[in-house]
Student: 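Sending over a structure as structure tokens; questions will come in a sec.
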Number of protein chains: 2
Amino acid sequence: MTEQIDIIQNIKRLFTREEFPAKTLLVKEGTLTKKLFYIDRGCCRAWFNNDGRDVTYQFLFEGNFASSFETIISNEVSWYSVETLEPTVMYSVGIEDFRNRMDQHPHIKAFYYHYVEKRLLFYQKLFVAHIKDSPEQRYRELLAQHPEIVLRVPQHYIASFLGITSVSLSRIRNRK
Amino acid sequence: MTEQIDIIQNIKRLFTREEFPAKTLLVKEGTLTKKLFYIDRGCCRAWFNNDGRDVTYQFLFEGNFASSFETIISNEVSWYSVETLEPTVMYSVGIEDFRNRMDQHPHIKAFYYHYVEKRLLFYQKLFVAHIKDSPEQRYRELLAQHPEIVLRVPQHYIASFLGITSVSLSRIRNRK
DNA sequence: GTCTGACGATAACAATTGTTAATTAATCAC
DNA sequence: GTGATTAATTAACAATTGTTATCGTCAGAC
């Protein structure tokens, strides 16, 4: 845990501090992402275009990383975009630079892979929630487990994240 | 790619070959898993109990690994069970033994983390498919992308995996 | 062989969600 | 502030899925 804090402090020391207003595009669908962002303050959403409609599949808050994993892992273009939802404070590093640091510092590599492991378990749970629960149950669960999302994110993005229409989410919210 | 093949050959050389009939329980929900299995021949399903109903959330075929990631990563008990669906040939290794080998052989560690990265992207896509597609679209997609699942696995497990009832899957299959 | 249980198809009905459109509320730009 | 745009609510109806139950088939146990 103290090791975790050390890593965060190293990030703040070694990465470049940047500030962005709301609705800034950090990662653009179909391109090679140049930077990895650590979110110090603010939040983002990741989404992609599905037959002309936005599908938001992820919210990222303080303490998380925003980038295209595909680019980091295998230099493929991103299939999604990332944009800020609020004025945001980031610490960024170039992807190539990040890869070099991982090779040079085993503890950075270990931290990165631990993060990947956690993300794997996170997405596994997210998927499982979709096959075992109804949309209403998923909303209640989101409210209970991640109230910050419901408080800080516009409803139609949450509806998209839950896999339902904004009309349906509005109905669920207004059930007795 | 040749490196991949080397790793598989090492697995077959270093792990213990085991054969299991269909319906053998390899991982039991709520327990600490003792082994990591490499599937050489046959297939498995991973599932858990949800208010008295089985929910199958994963099928594992030849070339995949079966175990509890939670146990490997952080020594927590498994929240799911794994059982064979067909007579199966496995290569197994004790979890503790596997951890030691990872520490001693960097290429095993690299292989493991590469596998974790791939699984992360896999589950991310699985989750995304659930928020962007209808159950019918997901079934058609499964049929197109993974026909082996539809051919080798009983329908009610597939329905569970798709997040619908077996009645609904039967209807979808019989739409013109 | 016969019995049993598991599996899949089908039917009838309830409940939920999607779609479209209209209305109100909130937010943003100037 | 004012006007324009975007977001959220509500309504009406269509489409889909869930639920429960019945039936036929098949495989395995004995």
Side-chain angles (χ1 to χ4, degrees), chain A residues 20-25 42-43 45 47 49-56 59 81 83-88 128-143 147 149-176, chain B residues 20-25 43-45 47 49-56 59 81 83-87 129-143 147 149-176:
Chain A
F20 301 102
K23 302 207 177 188
T24 307
L25 202 62
C43 70
R45 72 177 182 115
W47 91 98
N49 184 289
N50 183 232
D51 295 334
R53 294 192 180 197
D54 270 24
V55 176
T56 298
F59 303 111
S81 298
E83 72 169 11
T84 56
L85 288 173
E86 301 173 354
T88 302
V128 163
H130 267 258
I131 62 176
K132 81 181 176 68
D133 297 326
S134 68
E136 175 160 1
Q137 285 174 308
R138 292 201 299 274
Y139 175 71
R140 307 277 175 222
E141 196 63 23
L142 188 71
L143 203 56
I149 294 180
V150 181
L151 291 171
R152 290 167 68 177
V153 175
Q155 254 185 65
H156 62 290
Y157 294 146
I158 294 173
S160 178
F161 175 71
L162 290 171
I164 58 179
T165 61
S166 58
V167 175
S168 190
L169 178 54
S170 177
R171 279 189 295 229
I172 287 169
R173 281 166 55 90
N174 296 327
R175 271 177 206 153
K176 67 134 188 344
Chain B
F20 300 101
K23 304 206 176 188
T24 305
L25 201 62
C43 68
C44 306
R45 72 176 181 116
W47 91 98
N49 183 288
N50 183 232
D51 293 334
R53 294 193 179 196
D54 270 23
V55 176
T56 297
F59 301 112
S81 299
E83 71 168 12
T84 55
L85 288 173
E86 300 174 354
H130 267 258
I131 62 175
K132 80 180 176 68
D133 296 328
S134 68
E136 175 159 0
Q137 285 174 309
R138 291 202 299 275
Y139 175 70
R140 306 278 175 222
E141 195 63 22
L142 187 73
L143 204 57
I149 294 180
V150 182
L151 291 172
R152 289 167 67 177
V153 174
Q155 253 184 68
H156 61 291
Y157 293 146
I158 294 172
S160 179
F161 174 72
L162 291 171
I164 58 179
T165 60
S166 59
V167 176
S168 191
L169 178 55
S170 177
R171 278 189 295 230
I172 287 169
R173 281 167 54 90
N174 295 328
R175 273 176 206 153
K176 66 131 190 344

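Every chain is numbered from 1 and lettered A, B, ... according to where its sequence line falls, protein lines coming before strand lines. Because the structure is a prediction, the values reported are computed rather than measured.
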Student: Below the 4.0 Å mark, does C:dA6 have OP1 or OP2 next to a side-chain nitrogen or oxygen of B:His156?
Tutor: no

Student: Rounding to a whole Å, what distance do you find between B:Asp133:CG and C:dT17:C1'?
Tutor: 16 Å

Student: Between CZ of A:Arg45 and CD of A:Glu86, what distance do you get to the nearest 0.5 Å?
Tutor: 13.5 Å

Student: For A:Ser168, report the nucleic acid contact type (base, sugar-phosphate, nothing); a contact means any heavy atom under 4.0 Å.
Tutor: sugar-phosphate

Student: Looking only at side-chain N and O atoms, does B:Gln155 come under 4.0 Å of OP1 or OP2 in C:dA9?
Tutor: yes

Student: Do any side-chain nitrogens or oxygens of A:Arg175 fall under 4.0 Å of OP1 or OP2 in C:dT17?
Tutor: yes

Student: Roughly how many Å is it from OH in A:Tyr157 to P in D:dT6, rounded to a whole number?
Tutor: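 About 11 Å, once rounded to whole Å.
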
Student: Look only at the side chain of B:Thr84 and the backbone of B:Pro21, and say whether a donor-acceptor pair between them is shorter than 3.5 Å.
Tutor: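 Yes, because the side chain of B:Thr84 sits within donor-acceptor range (under 3.5 Å) of the backbone of B:Pro21.
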
Student: Regarding C:dG8, can its base be found pairing with the side chain of B:Arg171 as donor and acceptor, where the two atoms are less than 3.5 Å apart?
Tutor: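 In this structure, the two groups form no donor-acceptor pair.
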
Student: Taking only side-chain N and O atoms of B:Thr165, does any of them lie within less than 4.0 angstrom of OP1 or OP2 on D:dT17?
Tutor: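 It does not, given that no N or O in the side chain of B:Thr165 lies less than 4.0 Å from OP1 or OP2 of D:dT17.
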
Student: Both B:Ser166 and A:Glu136 contact DNA chain C. Taking the nearest nucleotide for each, which residue is further toward the 5' end?
Tutor: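 Looking at the nearest nucleotide for each, B:Ser166 comes out on the 5' side.
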
Student: Quick one: label B:Ser170 by what it contacts on the DNA or RNA (base, sugar-phosphate, nothing), any heavy atom closer than 4.0 Å.
Tutor: base

Student: How long is the line joining NZ of A:Lys132 and P of D:dG18, in whole Å?
Tutor: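 Result: 16 Å.
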
Student: Relative to the ring of B:His130, is the ring of A:His130 parallel (under 30°), tilted (30 to 60°) or perpendicular (over 60°)?
Tutor: perpendicular

Student: Spell out, as yes or no, whether a donor-acceptor pair under 3.5 Å connects the side chain of A:Thr88 to the backbone of A:Gly42.
Tutor: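 Answer holds: no.
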
Student: Rounded to the nearest Å, what distance is computed from the CZ atom of residue A:Arg53 to the C1' atom of nucleotide D:dA7?
Tutor: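 Whole-Å distance recorded here is 16 Å.
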
Student: Check whether any side-chain N or O of A:Ser160 sits under 3.5 Å from a backbone N or O of A:Thr56 as a donor-acceptor pair, and report yes or no.
Tutor: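 Flag set: sc A:Ser160 to bb A:Thr56 pair under 3.5 Å.
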
Student: Whole Å only: how far is the OH atom of A:Tyr139 from the P atom of D:dA8?
Tutor: 11 Å

Student: Atom CG of A:Leu85 to atom P of D:dA7: distance rounded to whole Å?
Tutor: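 Between P of D:dA7 and CG of A:Leu85: 11 Å.
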
Student: A:Ile164 has an atom CD1; how far is it from atom C1' of C:dT19, in whole Å?
Tutor: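 Between C1' of C:dT19 and CD1 of A:Ile164: 14 Å.
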
Student: May I have the distance from B:Leu169 (atom CG) to C:dC7 (atom P), rounded to whole angstrom?
Tutor: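 Rounded to the whole Å, the gap is 14 Å.
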
